[in-house]
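Reviewing the structure listed below.
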Amino acid sequence: MNVPARSTEVAPIRLLVVEDSELDFDLLTAMLVREGMPLRAERVEDEAGMREAFARGPVDAVLTDHNMPRFDSFAALKLAKAADPDLPVLVVSGEMSEDLAVAALHAGADDFILKSRLFRAGPALARSLQAAAQRRAGRAAAAALTESEERLRQLTKHLESAKEDERRRIASEIHDEIGAMLTALRFETVALARQLQQQRVDAPRVRRMLDLIGELVGASHRIQHNLRPPVLDAGLVEALQWLVASFAERTGVQASFETNREDAPLGADTSAALYRVAQEALANVSKHAHAKRVTVQLFASDHEVSLEISDDGVGFDPQLLRTSPGFGLRVLMERARGLGGWAEVSSAPNRGMTLMFSVPASRTA
Ligand SMILES: Nc1ncnc2c1ncn2[C@@H]1O[C@H](COP(=O)(O)OP(=O)(O)O)[C@@H](O)[C@H]1O
Ligand SMILES: [Mg+2]
């Protein structure tokens, strides 16, 4: 039966009424129309009828009688919620039993209405439709958020690997082009120094040139090291040892490295990520911390690898990270999530700072 809508602007509510009595159905729909609800209501009385109605198109709400000759409200409720978990279902019953009402609500009914109090049906239906719309909107928002987080994760991962590729390319260009020329230059200069020595000419400038070439070779190695973590060749532990030692030498900050395992079970990308994290954290210590001491610790179990970098510097309020223009720590948090792990900053003004970065050990992708 189609009940004409009072308002032509609002799309009618498609209402499925599970009810064996034609008379009760008419009473119910008349009551709802009197409330001003634009309806398209249809009556079914069993499971087959419900299934057919769902197959014909989306239903906005179900009102079900409790006790019917071939069906009952619990079965109707189950069927409706299986079709759409957000679908509002209201149980309409001739019986007045608190147990029944509680059971219906527990089974997922949105409301329970007595046939003797049908005037409640309109407001209850309106409220349930609104609640369902909110549930759907919440679900859609959560799904959209999950999707955009996933996209951000993919993007970060892509950027990270693009960055590593680019660094590797620059490192090998420095190695092949500049490295080869430096070797040749040193060779020629050593030969020149020998020649001058044989002619007993004292040439302090040539000695100075040799020193400079030595420094240049050292600088070029350092740059290559930074661009392409030696971790890929020598293993993470050695790479971190080298990183921490050269940090101490360069900055004068007392720096130590400890680990519980020499052979952390790690994939190449996880090792590279941990190395980059230590690099960023140490860069932050030299840029921001004014620290005297910093410790880097690597703890590895079969399941998890954690890196902890702790300094005794000026610290900061981690709340400020939300508005900080820097990207170092932000990228680091994303990197942890991208690898299925987590990262945490704990700090307070004048309390130093500790960064924890933890990822599953088995990731080799
Ligand atoms: N070890 C540290 N000690 C004190 N402050 C720090 C430390 N590490 C980070 N910070 C603070 O957190 C901010 C954000 O760091 P980061 O995201 O790496 O960005 P950036 O280093 O480019 O400023 C820094 O600007 C600094 O204020
Ligand atoms: Mg930084």
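We're numbering straight along the sequence, starting at 1. Indexing begins at 1, ligand by ligand and atom by atom, following the structure's order.
- Of all protein heavy atoms, the one lying nearest to atom 15 (O) of ligand 1 is Leu329 CD1, 3.8 Å.
- Using modelled atom types, one finds a donor on one side chain and an acceptor on the other under 3.5 Å when comparing Gln279 with Arg276.
- Between Asp84 and Arg136 a salt bridge is recorded (basic side-chain N to carboxylate O distance below 4.0 Å).
- Checked by distance only, ligand 1 and Lys287 come closer than 3.5 Å through their nitrogen or oxygen atoms.
- Using a 4.0 Å cut-off between charged side-chain N and carboxylate O, Lys157 and Glu160 make no salt bridge.
- Minimum interatomic distance between Asp312 and Lys292 (heavy atoms only, all atoms of both residues): OD1-N, 2.8 Å.
- Near Glu280, the atoms of ligand 1 lying under 4.0 angstrom from a non-hydrogen atom of the residue are 18 (O).
- In the model, Gln319 has a side-chain atom that pairs as donor or acceptor with a side-chain atom of Arg322 under 3.5 Å.
- A side-chain N or O of Gln224 and one of Ser220 form a donor-acceptor pair less than 3.5 Å apart.
- For the Mg ion (ligand 2), protein N, O or S atoms under 2.8 Å: 2 in total.
- Smallest separation of non-hydrogen atoms from Met353 and Ser347: CB-OG, 3.7 Å.
- In this structure, Arg51 is not positioned above the aromatic face of Phe54 in the sense of NZ or CZ being under 6.0 Å from the six-membered ring centre and within 45° of the axis.
- At a 4.0 Å heavy-atom cut-off, ligand 1 touches Ser324 through the side chain alone.
- At the top of the distance list for atom 9 (C) of ligand 1, counting protein heavy atoms only, stands Asn284 ND2, 3.7 Å.
- The shortest heavy-atom distance from Val345 to ligand 1 is not under 4.0 Å.
- Atom 10 (N) of ligand 1 has as its closest protein heavy atom Phe316 CE2, 3.5 Å.
- Thr259 places no side-chain N or O within donor-acceptor distance of the main-chain N or O of Glu262, the cut-off being under 3.5 Å.
- Looking at ligand 1, you won't find any N or O of Val285 less than 3.5 Å from one of its N or O atoms.
- At least one N/O-N/O distance between Gly328 and ligand 1 falls below 3.5 Å.
- For atom 25 (O) of ligand 1, the candidate residues are Met333, Arg330, His288, His290; the nearest heavy-atom contact is made by His288.
- Between Phe74 and His66, the angle of the ring planes goes over 60°, which puts this pair in the perpendicular group of the 30/60° scheme.
- Those atoms of ligand 1 that come under 4.0 Å of a heavy atom in Gly326, given as number and element, are 17 (O), 19 (O), 20 (P), 22 (O).
- The Leu321 neighbourhood of ligand 1 comprises atoms 12 (O), 14 (C), with distances under 4.0 Å to a heavy atom of that residue.
- By the criterion of a heavy-atom distance under 4.0 Å, the side chain of Asp311, and not its backbone, is placed next to ligand 1.
- A salt bridge is defined here as a Lys NZ or Arg NE, NH1 or NH2 lying under 4.0 Å from an Asp or Glu carboxylate O, and Glu42 with Arg14 meets this definition.
- In summary, of the residues considered (Val296, Leu355, Val285, Thr295), a side chain to side chain contact (heavy atoms under 4.5 Å, CB included) with Ser310 occurs for Thr295 alone.
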